Amino acid sequence: AGALTAPALANQQLASAKNCMACHAAAAKLVGEYPNLHIIYITNFKCGPDSFIKHFVRKASGKPFLGICVGMQLMATVGREFGDTPGFDWIPGEVVKLAPADPALKIPHMGWNFVKQNNPSKLTEGFTEDYRFYFVHSYKVVCDKNENTILKTNHGGEFDSAIQKDNIFGAQFHPEK
């Protein structure tokens, strides 16, 4: 496998954009059919913070809202996955690449891992220290304010694995697993 040529890279970026548009269309259809359902399904940070997604998220104003994985990352001020990409800035912080202190730990972080309570939240009522969730990610949210971090997880260093501000919640893990 060699380096991508400019036309191959352009085709790859176009395919990625088409995938993003397909996800947006599917989400729009679901939100139209189920007005109380609010979904963010995005494959990378750069694909997410556009006005189309913001339009549907605004419909959730005041209602509980949960972003999962990249949906959580988009809540931050800025993402660093493709240079500096503005996020929604709902929860002050940045999204940076995971960098475990132990070189034996692989990136992406994939698999089951324990979470520990950082701050109380309605999202985690009833949780105990032995709760495990499934993770698949290479980037992490770093909240500016500790009060926004609900849960932390360790993968060669602690990271924010669930966040909250008012009615907005985010989970880096996949609760559907």
Side-chain angles (χ1 to χ4, degrees), residues 23 27 37-50 53-54 56-177:
C23 288
L37 178 66
H38 300 284
I39 300 170
I40 292 182
Y41 175 81
I42 296 163
T43 57
N44 63 60
F45 197 94
K46 193 169 188 167
C47 186
D50 62 26
I53 289 290
K54 285 182 184 178
F56 287 101
V57 173
R58 267 187 239 125
K59 290 177 72 176
S61 181
K63 297 177 185 173
F65 183 88
L66 174 64
I68 297 170
C69 199
V70 178
M72 173 180 133
Q73 294 174 4
L74 287 170
M75 296 175 186
T77 306
V78 64
R80 312 270 187 223
E81 188 173 356
F82 295 101
D84 289 356
T85 304
F88 292 147
D89 197 22
W90 293 338
I91 299 178
E94 66 178 336
V95 179
V96 298
K97 191 161 181 72
L98 282 170
D102 181 352
L105 292 172
K106 302 216 186 265
I107 302 298
H109 171 212
M110 292 177 62
W112 295 91
N113 207 334
F114 290 98
V115 297
K116 80 173 192 184
Q117 190 86 36
N118 187 63
N119 283 305
S121 168
K122 286 188 177 203
L123 186 69
T124 59
E125 283 178 2
F127 273 34
T128 61
E129 291 295 318
D130 61 351
Y131 268 79
R132 293 183 340 150
F133 289 97
Y134 191 80
F135 291 84
V136 180
H137 64 119
S138 298
Y139 287 79
K140 64 180 180 178
V141 171
V142 179
C143 288
D144 288 352
K145 298 177 181 176
N146 182 57
E147 68 194 46
N148 295 127
T149 302
I150 302 170
L151 298 173
K152 289 192 171 276
T153 300
N154 192 313
H155 184 69
E158 278 194 335
F159 64 89
D160 301 343
S161 54
I163 61 177
Q164 173 185 357
K165 184 175 178 187
D166 303 322
N167 64 308
I168 298 169
F169 303 87
Q172 184 61 62
F173 50 83
H174 291 262
E176 74 276 13
K177 283 280 188 186

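As the structure is a prediction and not an experimental result, all values here were calculated from the model.
- There is no side-chain donor-acceptor pair under 3.5 Å between Gln164 and Glu147.
- Residues passing the side chain to side chain donor-acceptor pair (under 3.5 Å) test with His137, sequence neighbours excluded: His109.
- Below 30°, between 30° and 60°, or above 60°: for Phe133 and Phe173 the angle between ring planes is below 30°, a parallel geometry.
- Listed by chain and residue number, nothing satisfies the side chain to side chain donor-acceptor pair (under 3.5 Å) test with Asn119 (two or more places apart in sequence, or in another chain).
- If you take CG on Asn118 and CD1 on Ile163, they are separated by 12.0 Å, rounding to the nearest 0.5 Å.
- In this structure, OG in Ser161 is found 7.0 Å from CE in Met72, a value given to the nearest 0.5 Å.
- Contacts of Asn148 classified as side chain to side chain donor-acceptor pair (under 3.5 Å), with partners at least two apart in sequence or in another chain: none.
- With rounding to the nearest 0.5 angstrom, the CD1 atom of Ile68 is 13.0 Å from the CZ atom of Phe169.
- Listed by chain and residue number, Ala104, Leu105 satisfy the side-chain contact (heavy atoms from CB on, under 4.5 Å) test with Asp102 (two or more places apart in sequence, or in another chain).
- With rounding to the nearest 0.5 angstrom, the NZ atom of Lys165 is 10.5 Å from the SG atom of Cys143.
- A search for side chain to side chain donor-acceptor pair (under 3.5 Å) contacts involving Ser138 returns nothing, not counting sequence neighbours.
- Scanning both residues, Ala101 and Pro103, for their nearest heavy atoms gives O-CD, 3.3 Å.
- Considering Phe159, Trp112, Phe114 as possible partners of Phe135, the one that fulfils the ring-ring contact (aromatic ring centres under 6.0 Å, His included) test is Phe159.
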- Task: Kindly indicate, with the supporting measurements, whether the criterion side-chain contact (heavy atoms from CB on, under 4.5 Å) is fulfilled by Asp160 and Lys152.
- Result: CA-CA 5 Å; Asp160 301 343; Lys152 289 192 171 276; 2.8 Å; yes

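- Note that OG1 of Thr85 and CZ of Arg80 are 9.5 Å apart. Values are rounded to the nearest 0.5 Å.
- Rounded to the nearest 0.5 angstrom, Tyr131 OH and Thr153 OG1 are separated by 14.5 Å.
- Side-chain contact between Val141 and Met75 is absent, with no heavy-atom pair separated by less than 4.5 Å.
- In this structure, Gln172 and Gln73 approach most closely via the heavy-atom pair OE1-NE2, 3.1 Å.
- Residues passing the side-chain contact (heavy atoms from CB on, under 4.5 Å) test with Gln117, sequence neighbours excluded: Thr124, Phe127, Glu129, Ile150, Leu151.
- No donor-acceptor distance shorter than 3.5 angstrom exists from the side chain of Asp89 to the backbone of Ile91, with no hydrogens or angles considered.
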